[in-house]
Amino acid sequence: MFCTGIENSIPTIQNGRIRVDQMETCGHYERWREDFDLVEELGIHFLRYGPPIHRTFLGPDKFDWEFSDLAFAELKRRDITPIVDLCHFGVPDWLGDFQNPDFSMQFANYAGAFADRYPWVQLYTPVNEMFICAVFSAKYGWWNEQLTTDLGFVTALKHIVKANVLAMIEILKRRSDAIFVQSESSEYFHADSPAAIGPAEIMNARRFLSLDLNYGRRVDSEMYEFLMDCGMTKEEYHFFLHHRLKQHCILGNDYYRTNEHRVHPNGHTEAAGEVFGYSEITRQYYERYRLPVMHTETNLVEGPTGQEAVQWLWKEWANVLRLRNVGIPTVGFTWYSLTDQVDWDTALREQNGNVNALGLYDLDRKIRNVGRAYKQLIADWRDVLPASSVCLVVPIVPPSQAGGAHARDQERDADRFKEGEEGQASSPELGP
């Protein structure tokens, strides 16, 4: 699955007074048809895309589907398969922030309502980058609740991951062959000195918390104590153990040059740049979860030569091929996003209007060098990879075939599989 995405981050900043809406800032609300033209121009058939939740989910059981109906009807007409991104770093004003315990159930209701309205949609990322969302909102103090405590972080994390799990449950009720692409940040923390080994080990254990909970995996003992000390109850922890849906999931993971960190003895971190790289860090995640992998986000700013992002694309693609060649089932690659973004140089914490040249196209919708390179890469590799002996075929029904005989057969098979799951006694995972 060669993929790109429309950036739809919507965190709030300045104590909730300002909503940062990347779809608005980048002009998508006015130019969405043109943006879909660009997707087709690149030869891409998969798009990370979602409705703006703050404009769509207006209250309990209250929705405004006007923009979503237009956009998703057009995607279906063009036979572009969306990977639907339902929550990207923010919630509607009426829900407040991720400290709100009502968020999980309300979001699950929203996911169910979406699946009811668009039954032809099969691929979902219910909550984007759960770990990063919790860290930036409740540990670094940058977004939404703007907290800087372990208690705030764990509270946000448990609500976010529970929302993701409940959303998967609701979607599976409507579409039993739904597939969930997690899109989680892949991180690594390098000790700067022997005195920093301890803090780095804790951070390297903590990076797995969102996916451990999401996949119903028992967390490590030190992390269990951390969760309990920071407000998670045994009943909340057991919820995750007894709702294990990893068999419906693809381990989508994101990698940027900022994903590796240098840790100092006092716990302070700074960007380390690319040290291990995508393939090595992804191997660590794969060995932990044993799920098919998809590279769901990467980019780099187009620098002064115009070739920096092109070289990064080549390097990330080489890492993806490396994973496939050593037998790790790898099903997709994504340059994120379709167009340039705004103010990600300050992680959306400030409204400076700085255009970040990260896209396949600039904000005037003119193709960048990396866009040309990605288009060629797709043309070169699209027909080669399916013949690869390590290729994993994902059972995807394109929008144009939704409701057809093959699609109905696949859903019936998924229904039987689901019935078999429900017929077994619910039990937590045995062992790591």
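None of the values given here were measured: they were computed from a predicted structure.
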Under-4.0 Å salt bridge between [X] and [Y]:
| X | Y | value |
| --- | --- | --- |
| Glu274 | Arg257 | no |
| Arg207 | Asp220 | no |
| Arg349 | Asp343 | no |
| Glu40 | Arg78 | yes |
| Glu236 | Lys162 | no |

Any side-chain donor near an acceptor of the partner, [X] and [Y], under 3.5 Å:
| X | Y | result |
| --- | --- | --- |
| Asp254 | Tyr336 | no |
| Glu41 | Tyr361 | yes |
| Gln99 | Asp97 | no |
| Asn8 | Arg48 | no |
| Ser185 | Glu187 | yes |
| Glu7 | Thr339 | no |

Should the ring pair [X] and [Y] be called parallel, tilted or perpendicular, given that the plane angle runs from 0 to 90° and is split at 30 and 60?
| X | Y | result |
| --- | --- | --- |
| Trp143 | Phe89 | tilted |
| Tyr118 | Phe114 | tilted |
| Phe57 | Tyr110 | parallel |
| Trp32 | Phe67 | perpendicular |

Hey, does Leu211 have a side-chain heavy atom less than 4.5 Å from the side chain of Leu251?
yes
Establish, yes or no, whether a centroid distance under 6.0 Å links the rings of [X] and [Y].
| X | Y | result |
| --- | --- | --- |
| His159 | Phe103 | no |
| Tyr49 | His28 | yes |
| Phe240 | His238 | no |
| His295 | Tyr278 | yes |
| Trp142 | Phe136 | yes |

Pairs in or reaching into residues 192-214: which pass ring pair (Phe, Tyr, Trp, His ring centres under 6.0 Å), with residues at least two apart or in two chains?
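Pairs touching residues 192-214 that pass the test: Phe208-Tyr285.
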What are the two closest non-hydrogen atoms of [X] and [Y], and how far apart are they?
| X | Y | result |
| --- | --- | --- |
| Ile10 | Arg19 | O-NH1, 2.8 Å |
| Ala167 | Ala108 | N-CB, 4.0 Å |
| Thr81 | Pro399 | OG1-CD, 3.2 Å |
| Gln351 | Ile13 | CG-CD1, 4.2 Å |

Within 45° of the ring axis of Phe189 and under 6.0 Å from its six-membered ring centre, is that where the NZ or CZ of Arg206 lies?
no
Examine distances only and state if a side-chain atom of Asp229 and a backbone atom of Phe226 form a donor-acceptor pair shorter than 3.5 Å.
no
Whether the side chain of Arg365 engages the backbone of Leu363 through a donor-acceptor N/O pair (distance < 3.5 Å, no angle test) should be reported.
yes
CZ (Arg175) and OH (Tyr124) are apart, to the nearest 0.5 Å, by 8.0 Å
